[in-house]
Amino acid sequence: MTIRNFRERVYDVVRRIPAGSVLAYGDVAAAAGSPRAARQVGYALAALDEGGRDKEGLDVPWQRVIRTTGHIAFQGDVVRGPLQRRMLEDEGVEFEDDRVPMKRFRWQPDLEDLG
DNA sequence: TCCATGACTCCGC
DNA sequence: CGCGGAGCCATGG
């Protein structure tokens, strides 16, 4: 990782996740070039504005990033929790017992997309 | 430069 | 399975 900072790379990766698929924070961190920086991915997404846009005003589909367990990030948050779940369901992502079956919805990024 | 922060994970029990 | 604790490390002050 060099020129572009970690956050920008995170946003680029998240933008590549197709609707109907999800990625874990750790997956995004690895794709962004820092496998152990899962927490920083969350921090990067927290820096987005209310509309899910980055500093440049570009939209970032933050709802497609969830925990590796399949749980959405905002368990306990009565506002953002249900919001994220609804946004995902609108894209076709299904839930079983309050969690996404990662086996079926976890996106497998193409190596060529990471350049 | 040092230090606190935190939308996370892995591991042991 | 669930829980608690210890790593991890990019930011910003």
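Chain letters run A, B, ... following the sequence lines, proteins first, then strands; residues in each count from 1. Hydrogens, waters and symmetry mates play no part in the numbers below; they use all other heavy atoms, side chains included.
Candidate nucleotides C:dG2, B:dA7, C:dC8 were compared by shortest atom distance to the side chain of A:Arg36, and C:dC8 ranks first.
In this structure, A:Tyr43 atom OH and B:dA4 atom C1' are separated by 10 Å, rounded to whole Å. In this structure, A:Phe6 places its CZ atom 13 Å from P of C:dG12, rounding to the nearest Å. Atom NE2 of A:His71 and atom C1' of B:dA7 are 15 Å apart (whole Å). Distance CG (A:Asp49) to P (B:dA7): 17 Å, rounded to an integer number of Å. Across the protein-nucleic acid pair, A:Leu48 atom CG and C:dT11 atom P stand 13 Å apart, rounded to whole Å. C:dC9 atom P lies 17 Å from atom CG of A:Asn5, rounded to whole Å. When rounded to the nearest whole Å, the span between CG of A:Asp97 and C1' of C:dC1 equals 13 Å.
In the hydrophobic clustering, A:Val78 connects to A:Val79, either directly or through intervening members, whenever side-chain heavy atoms lie under 4.5 Å apart. Alongside A:Tyr43, the hydrophobic cluster contains no other residue (criterion: ILVMFWY side chains under 4.5 Å).
Within residues 52-64 of chain A, the residues that have a heavy atom under 4.0 Å from DNA chain B are, in order of number, A:Trp62.
A:Gln84 places a side-chain N or O within donor-acceptor distance of the main-chain N or O of A:Val65, the cut-off being under 3.5 Å.
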Side-chain atoms of residues 18-25 of chain A: list all donor-acceptor pairs with protein atoms under 3.5 Å, sequence neighbours left out, distances to 0.1 Å.
none

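Here salt bridge (charged side-chain N to carboxylate O under 4.0 Å, His left out) pairs that include residues 17-27 of chain A, with residues two or more places apart or in two chains, are A:Asp27-A:Arg106. Sequence neighbours left out, the pairs with a member in residues 64-79 of chain A that pass salt bridge (charged side-chain N to carboxylate O under 4.0 Å, His left out) are A:Arg64-A:Glu91, A:Asp77-A:Arg80. Applying the salt bridge (charged side-chain N to carboxylate O under 4.0 Å, His left out) test to every pair with at least one member in residues 28-41 of chain A, sequence neighbours left out, gives no pairs at all. Applying the side-chain hydrogen bond (donor to acceptor under 3.5 Å, both in side chains) test to residues at least two apart or on different chains, the pairs with a partner in residues 49-58 of chain A are A:Arg15-A:Asp54.
When the side chains of ILVMFWY residues are joined at heavy-atom separations under 4.5 Å, either directly or via intervening members, A:Leu83 and A:Ile17 end up in a single hydrophobic cluster.
No contact: A:Arg80 has no heavy atom under 4.0 Å from any strand.
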What string of B, S and - do you get for nucleotides 8-13 of chain B 5' to 3' if you count protein non-hydrogen atoms under 4.0 Å? BSS---
